[in-house]
Amino acid sequence: MSEAPAPTNFIIEAVEEDLKNGRFNTVTTRFPPEPNGYLHIGHAKAISIDFGIAQKFGGKTNLRYDDTNPVKEDIEFVDAIKEDIHWLGFDWGDREYYASDYFDQLYQWAVQLIQQGDAYIDDLSPEEIRSYRGTLTEPGKNSPFRDRSIEENLDLFHRMSSGEFPDGTRVLRAKIDMSSGNINMRDPVMYRILHATHHRTGDKWCIYPMYDFAHGQSDSLEGVTYSLCDLAYEAHRPLYDWFIEKLGIFHPRQIEFSRLNMTYTILSKRFLKTLVEKGYVNGWDDPRMPTITGMRRRGYTPEAVLNFIEKAGVAKNESIADISLLEFCVRDHLNKIAPRVMGVINPLKLVIDNYPDDLCEELEAVNNPEDETAGSRKIPFSKNLFIEKDDFMEEPTRKYFRLSPGQEVRLRYGYYVKCTGFVKDQNGEILEVHCTYDPLTRGGFSPDGRKVKGTIHWVSEAKALDAEVRIYDRLFNRPDPDNFEEGKTFLDNLNADSLKIIQKCKVEPSLISTKPGDHFQFERLGYFCTDLDSSPDHLVFNQTVGLRDTWAKMNQ
RNA sequence: UGGGGAUUGGUCUAAUGGUAGGACAGCUGACUCUGGAUCAGCUGGUAGGGGUUCGAAUCCUCUAUCCCCAGCCA
């Protein structure tokens, strides 16, 4: 295995530069989720970068919930977020913080800015504020309340915070520049009145800081050196810096990178929420969802997800990663770790006419050819077996080298069998296939050295376990699902066949003891994992991803 | 027509004035008790025009295209 080049990117280079010239001498980052939804693979990229940069430079990463909007946030998501970060393999130690921990300090800093003449209370209505703001091409104009005295501003701010005014009647604004080309600098709102109960501070506050007035200062308070975020915040950086400078506090560096996008996938929180709430999927952890919890249930491994993120790279180009790269990473990891088992998804009965009626042999099967330490197991073999429907063709096409009349194939780890006939019902449906076996080929080798081109999987009819198998396909039927025609929505791009549930699949008996989350390769089919719904009475497997299938490709 | 970003094969990403390279995808072939894996090979790229230079993806300049910003969301 060749040594991969040490991954580098523009953020790592910036950090190295800062460390070299003394701008900082330690590295601290933070992952700042808003507790208003489940984490998805886009967050996994942010997590990987935040924790990865710190690890690389021997620094630390804080987990900080950005909980400045009680109307949208909920405690429900806090624990789920922690579980997902841990699953990815990262840990923040005891540094679990909340922006709401800093509300008192933030209030003090707001007072400071008022005293410095850098902030004022505005009585304009939300609509008026919008119209005074100007447009992208026209400058805004000053609010008539912009030049109130410091005393009046202080008094009003105090009364705002003590609940004297209803929601929406006043805000605290930074006094910057209403004619700035950067709209974020046109006297941005710092505090709004929200008579809402906060999941942590309860009813203590009825004014809450805006993101811009909370995020940078929270970073500063925590000694965060690198505030890594997505490109959307690039236009906010001047404001981030402005507050820090005016307050005269520790100055972290914000660096922006492009967010992750993926083909056939939608990552907008709003859209994901619609999928869940309108029942297009079965919850946030539906294996078709790009959520971390969904991918976990699907059987993706953290190693695979992280490797995908690393391979996709970190840059400032807006890009769309090919979902096949993710699938490659999943197969690549599962190939190394997943025990092989035999399972038949669409069973077809195979009768070995010359095999003793009541004999049941135990044949040895390798657990993982990629991993010698995985050992082997015994699987029962008998006269009546199940094979895959696809593995028999009455009239074989060119280059089909599975079972067909007169053809000989190997039953994996079993015997060579030669097809002698088959039985059809009135509708022409094949009910069972008959064959004879060569007793000398036990284990799958022929003493005379003759070759068979095909090897197929099978399970013993008598010993097989029934299982439910859920096969997933892409949730959307086009690579750019948020591209839809007028009058339509992303929902019109949903793939109607993204879930197939198949009952009465047949799997080898060793699977009786499987537990949810176990990974397997069903030989010749794909990687599967045991679903949360699975029990010994009713086995349920999710197809994580199919094996590469060059045969299917040839037949396209 | 304001401000801020970005443009390298189908996709993602390197090359930091000196041979445009890697990964995924695709295509060949070898090997194989998984039509898997593995191995070998192939196809295909610097948005466009000028300029500087012995030499430009890289520097300058003009143009084009795309993205973000007008929440009391984050």
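If you're wondering where the values come from, they're calculated on a predicted model, not measured in any experiment. Residue numbers begin at 1 in each chain, while the letters A, B, ... track the order of the sequences. Side chains are part of it too, since the values below use all heavy atoms of this structure and drop only hydrogens, waters and symmetry mates.
B:A15 atom C1' lies 11 Å from atom CD of A:Glu13, rounded to whole Å. Distance A:Arg412 CZ to B:U34 P: 5 Å, rounded to the nearest Å.
As judged by a 4.0 angstrom heavy-atom cut-off over every strand, A:Phe445 is placed among the base-contacting residues. Within the nucleic acid shown, A:Lys453 has no heavy atom closer than 4.0 Å to any nucleic acid atom. Across all strands shown, A:Arg548 has heavy atoms under 4.0 Å from sugar-phosphate atoms exclusively, and none from any base. Within the nucleic acid shown, A:Ser180 has no heavy atom closer than 4.0 Å to any nucleic acid atom.
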Where protein sits on nucleotides 66-71 of chain B, one letter per nucleotide: B base, S sugar-phosphate only, - none, heavy atoms under 4.0 Å: -BSBBS

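The shortest non-hydrogen separation linking A:Arg340 to A:Val366 is CB-O, 4.4 Å.
Across all strands shown, B:G2 forms a Watson-Crick or G-U wobble pair, both distances under 3.5 Å, with B:C69. Base pairing of B:G17: no nucleotide in any strand meets the Watson-Crick or G-U wobble criterion (both distances under 3.5 Å).
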Ring pair (Phe, Tyr, Trp, His ring centres under 6.0 Å) between A:Phe381 and A:Tyr413, intermediate numbers included: CA-CA 10 Å; A:Phe381 185 90; A:Tyr413 301 123; over 10 Å; no

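Interface remark: the A:Arg402 side chain does form a donor-acceptor pair with the B:G35 base, using a distance-only criterion of under 3.5 Å. At a cut-off of 3.5 angstrom, the base of B:U38 holds no donor-acceptor pair with the side chain of A:Glu370.
Using a 4.0 Å cut-off between charged side-chain N and carboxylate O, A:Asp18 and A:Arg253 make a salt bridge.
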